[in-house]
S.K.: 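Quick one: structure below, then a few questions.
We're numbering straight along the sequence, starting at 1.
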Amino acid sequence: MSKQKKQSFLGGAAILAAAVVVVKIIGAAYKLPLNNILGEVGMSYWDTAYKIYNFLLTFSTAGLPLAISKLTSEAHTQGRENEKRKIFRTAIWLFFALGLVGSLLMLFQADLFAAFLRNEDATRPIQALAPAVFCVCLLACMRGYTQGQGNMTPTAISQVLEALCKVGIGLPLAWYLLHMGAQMDVGAAGAILGVTIGTVVSMLFLTGYLATHRDRGRALDVPSSSGRLVRRILSIGVPITLGNSAMSIISLVDTKIVLGRLQDGLGLSLTEANALNGQYATGMVMPNMVASFVYPVTMSLLPFAAAALARNDPREADRTISTAFRLLALLALPAGIGLSVLATPIEILVLPAQPDTALAAGPHLQILGIATIFICLMVLTNAILQTYGKEKIPIFTVIVGGIVKIILNYILVGTPSINIHGAPISTLCCYLVIVVLNLFFVWKYSPQKPRYFQLFAKPVVASVLMGAAAWAVYGFLDRAFAGSFSDYLANAAATLGGILAGVAVYAVLVIVLRILRAEDVRSIPHGEKLIKLLHLK
């Protein structure tokens with residue numbers, strides 16, 4: 001790796017956040033039209049395959065890349081270049097083996113996975129994702145290595161390439177297959193094949209980047225043995241993996257229970273159950289998009305906070321974590337409340353070809369919008385606990401929340417008067433329980449106790465006022481445009497007007513209430529100019 005100026009925490013987060021903005025815009029150009037192409041049944045096939053993929057992927061890569069990032073960051077900070085290089089050489093073979101096993105399982109045991117989830121028609125989409133597991137395992141290792149050195153740019157570029165292939169290949173392929181008369185599961189498999197091709201292209205880019213940016217300079221440090229490095233990687237990564245895999249396992253069991261209760265408890269056919277499950281999956285699209293913006297913060301959080309702790313500088317680590325909390329509050333709170341108050345109008349806006357699905361998904365999103373806030377908080381607090389060496393605590397909290405989710409789903413989804421509407425309720429309760437527990441443990445183990453009221457009070461007030469403004473403006477414009485345009489155009493204009501009004505109100509409140517602090521933007525390029533412009537303190 002060539003010598004380079006190490007990016008600051010906020011600089012690294014800004015690069016990844018910018019990449020996520022691009023990726024999510026591209027992803028919206030993939031996922032939203034895909035909802036219109038596949039419909040609720042096809043999206044249920046797609047969602048089932050993706051949950052299998054996420055389980056194997058999380059099990060293979062959730063904690064180990066973070067372990068590599070943490071160990072690489074420590075070695076890089078201490079100037080131990082030989083140690084840093086050997087960490088990567090040792091880890092890449094470990095990820096090679098994990099990826100190969102995961103891909104073979106998805107390819108040859110796809111029918112067993114589909115049968116377990118009570119969705120036998122999802123076999124082909126599952127198989128279409130098999131090669132992606134292998135590629136993403138290698139990608140995770142390379143990304144962890146570059147991020148551990150404070151270089152977020154390769155990860156950002158690789159994510160954009162992956163997204164471009166997904167939308168440029170998967171979307172046209174799904175449309176073409178269905179246009180040619182293929183079955184819905186084949187169309188879903190074609191859409192998901194774009195994801196697989198994207199991981200291949202992204203892997204090839206990072207491989208080329210590492211090959212051309214190798215630091216061949218000599219170093220005097222004696223690296224640890226391969227066996228010791230593997231043990232260190234596993235000792236850090238396995239608890240994190242178990243914590244993150246617990247949620248994936250619970251999510252799989254949750255899907256099995258939802259589809260099973262719809263079929264066994266309510267007597268629905270597989271296609272009818274897939275239609276209802278597809279409505280819930282459609283409602284989860286927006287929350288997942290918002291939550292993905294939290295990952296740049298956590299990816300920058302761990303290596304930089306770990307480096308501060310390695311320098312015996314807990315104050316700097318605490319400052320970094322407090323900044324992450326403030327950035328999360330600025331993003332997650334208004335996004336979650338905005339999704340909730342404009343749930344059905346947003347679904348109608350993004351699903352013009354599936355109006356019935358949009359109307360059915362709206363009530364789900366109304367609940368899941370609030371759940372978005374807690375999903376984001378869970379991601380961040382898990383990373384904070386891992387940074388402080390408490391990797392086992394997220395395992396406990398996720399399992400507790402997952403048990404709550406499974407129990408509520410079994411009861412609510414099997415109740416005829418509630419049925420699929422029990423799924424978002426259980427999701428909200430699950431993440432609420434996890435976050436409450438995580439916040440307690442973060443407070444308990446932080447050297448400088450976080451002041452949650454100070455961190456969240458002003459963003460909550462601003463977000464509630466923003467939500468009220470968005471709802472009021474939408475209602476006014478919807479009545480004003482009624483009869484003047486088609487129903488879709490009237491809703492689109494009113495929804496966009498409500499969103500813009502909410503954003504404007506929130507931006508003003510951020511400045512008036514001084515929610516954004518100078519230290520939060522000082523490390524961003526031209527941050528000092530922005531501080532003067534906004535009169536930050």
S.K.: Ignoring hydrogens, what is the shortest heavy-atom contact between T123 and A114? Give both atom names and the distance.
M.R.: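 So the minimum-distance heavy-atom pair works out to OG1-CB, 3.6 Å.
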
S.K.: Check whether the side chains of T146 and Y209 place a donor and an acceptor atom closer than 3.5 Å, and report yes or no.
M.R.: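 No - no donor-acceptor pair under 3.5 Å links their side chains.
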
S.K.: Would you check, one step at a time, whether the test side chain to side chain contact (heavy atoms under 4.5 Å, CB included) holds for L193 with I169?
M.R.: CA-CA 8 Å; L193 188 61; I169 297 174; 5.9 Å; no

S.K.: Should V258 and Y280 count as side-chain neighbours, where that means a heavy-atom distance under 4.5 Å?
M.R.: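 Not touching, per the 4.5 Å side-chain cut-off.
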
S.K.: So, taking the atom named CD1 in I52 and the one named CG in D47, what distance separates them when rounded to the nearest 0.5 Å?
M.R.: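 Going from the CD1 atom of I52 to the CG atom of D47 covers 10.5 Å.
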
S.K.: With side chains defined as the heavy atoms from C-beta onward, is the minimum distance between L270 and N119 less than 4.5 Å?
M.R.: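 Contact flag for L270/N119 side chains = yes.
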
S.K.: Could you give the distance from CD1 (I384) to OG (S446), rounded to the nearest 0.5 Å?
M.R.: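 The OG atom of S446 is 7.0 Å from CD1 of I384, to the nearest 0.5 Å.
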
S.K.: Please round to the nearest 0.5 Å and tell me the distance separating atom CG of L331 and atom OG1 of T372.
M.R.: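 Between L331 CG and T372 OG1, I get 10.0 Å after rounding to 0.5 Å.
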
S.K.: Please check: side-chain N/O of S202 versus main-chain N/O of G198, any donor-acceptor pairing under 3.5 Å?
M.R.: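 No, because the side chain of S202 does not come within donor-acceptor range (under 3.5 Å) of the backbone of G198.
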
S.K.: Within this structure, what is the CG-CG distance for the pair D121 and D185, rounded to the nearest 0.5 Å?
M.R.: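 Separation between the atoms: 6.0 Å.
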
S.K.: Taking it one step at a time, do N274 and L259 satisfy side chain to side chain contact (heavy atoms under 4.5 Å, CB included)?
M.R.: CA-CA 7 Å; N274 269 314; L259 288 171; 4.2 Å; yes

S.K.: Which heavy atom of N36 sits nearest to which heavy atom of V350, and what is that distance?
M.R.: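 The pair with the smallest heavy-atom distance is ND2-O, 3.1 Å.
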
S.K.: In terms of heavy-atom contacts, does CD of Q183 have more than 12 from other residues, nucleotides or ligands at under 6.0 Å?
M.R.: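 Counting neighbours around CD of Q183, 12 or fewer heavy atoms of other residues, nucleotides or ligands fall under 6.0 Å, so no.
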
S.K.: Please determine whether side chain to side chain contact (heavy atoms under 4.5 Å, CB included) holds for the pair L178 and L38, giving the CA-CA distance in whole Å, both sets of side-chain angles, and the decisive distance to 0.1 Å.
M.R.: CA-CA 9 Å; L178 293 177; L38 296 182; 3.8 Å; yes

S.K.: Check step by step if side chain to side chain contact (heavy atoms under 4.5 Å, CB included) holds for L368 and L339.
M.R.: CA-CA 8 Å; L368 293 170; L339 287 176; over 6 Å; no

S.K.: Does atom NZ of K392 have more than 12 heavy-atom neighbours, drawn from other residues, nucleotides or ligands, at distances under 6.0 Å?
M.R.: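 Atom NZ in K392 is not packed in, count stays at 12 or less.
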
S.K.: Please check if the number of heavy atoms outside F205 that lie under 6.0 Å from its CZ is greater than 12.
M.R.: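 Counting other residues, nucleotides and ligands, CZ of F205 exceeds 12 neighbours.
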
S.K.: To the nearest 0.5 Å, what is the distance between OH (Y452) and CG (L455)?
M.R.: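 Here the interatomic distance stands at 8.5 Å.
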
S.K.: Taking atom CZ of R124 as the centre, report whether more than 12 heavy atoms of other residues, nucleotides or ligands fall under 6.0 Å from it.
M.R.: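 Counting neighbours around CZ of R124, 12 or fewer heavy atoms of other residues, nucleotides or ligands fall under 6.0 Å, so no.
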
S.K.: Can you pull the salt bridge (charged side-chain N to carboxylate O under 4.0 Å, His left out) pairs that have at least one residue in residues 136-146, sequence neighbours excluded?
M.R.: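 The answer is R143-E162.
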
S.K.: Which atom names give the shortest non-hydrogen contact between T381 and L377, and what distance separates them?
M.R.: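 Shortest heavy-atom separation between T381 and L377 comes out as OG1-O, 2.7 Å.
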
S.K.: Are the side chains of T90 and V230 in touch, meaning some heavy atoms are under 4.5 Å apart?
M.R.: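 Yes. Closest side-chain heavy atoms under 4.5 Å.
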
S.K.: Could you check whether any side-chain heavy atom of P125 comes within less than 4.5 Å of a side-chain heavy atom of T48, counting everything from C-beta outward?
M.R.: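 They are not in side-chain contact.
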
S.K.: If you look at every heavy atom in F134 and S103, which pair is closest and at what distance?
M.R.: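 Answer, listing the atom of F134 first, then S103: N-OG, 2.9 Å.
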
S.K.: Within the structure provided, determine whether L206 and L139 are in side-chain contact (heavy-atom separation under 4.5 Å).
M.R.: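 L206 reaches L139 side chain to side chain.
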
S.K.: Restricting to ring pair (Phe, Tyr, Trp, His ring centres under 6.0 Å), what partner residues turn up for F441, sequence neighbours left out?
M.R.: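 So F441 forms no ring pair (Phe, Tyr, Trp, His ring centres under 6.0 Å) with any residue.
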
S.K.: Can you tell me if N288 uses its side chain to pair, donor with acceptor, with the backbone of M284 under 3.5 Å?
M.R.: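 Looks like yes, one N/O pair under 3.5 Å.
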
S.K.: Would you confirm whether S44, through its side chain, and V41, through its main-chain N or O, come within 3.5 Å as a donor-acceptor pair?
M.R.: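 Side chain of S44 to backbone of V41, a donor-acceptor pair under 3.5 Å: no, none is there.
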
S.K.: Hey, are the side chains of V133 and L129 touching, using non-hydrogen atoms and a 4.5 Å cut-off?
M.R.: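 No, their side chains stay 4.5 Å or more apart.
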
S.K.: To the nearest 0.5 angstrom, please state how far the CD atom of Q127 sits from the CD atom of Q109.
M.R.: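 Between Q127 CD and Q109 CD, I get 10.5 Å after rounding to 0.5 Å.
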
S.K.: Nearest heavy-atom pair of M184 and G42: which atoms, and what distance?
M.R.: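 Minimum heavy-atom separation between M184 and G42: CG-CA, 3.5 Å.
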
S.K.: Looking at K449 and W443, would you say the former's side chain and the latter's main chain have a donor-acceptor pair under 3.5 Å?
M.R.: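 Looks like yes, one N/O pair under 3.5 Å.
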
S.K.: With a 4.5 Å limit on heavy-atom distance, are the side chains of V436 and F440 in contact?
M.R.: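 No, their side chains stay 4.5 Å or more apart.
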
S.K.: Any side-chain heavy-atom pair from L428 and F374 closer than 4.5 angstrom?
M.R.: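 A side-chain contact under 4.5 Å exists here.
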
S.K.: Compute the ring centroids of Y145 and F88, then answer whether they are less than 6.0 Å apart.
M.R.: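 Yes, they do, as the ring centres are separated by less than 6.0 Å.
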
S.K.: Hey, does the side chain of T282 reach the backbone of M43 with a donor-acceptor pair shorter than 3.5 angstrom?
M.R.: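 Side chain of T282 to backbone of M43, a donor-acceptor pair under 3.5 Å: no, none is there.
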
S.K.: Work out which heavy atom in K405 is nearest to a heavy atom in C430; give both atom names and the distance.
M.R.: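 Distance-wise, the nearest heavy atoms are CB-CB, 3.6 Å.
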
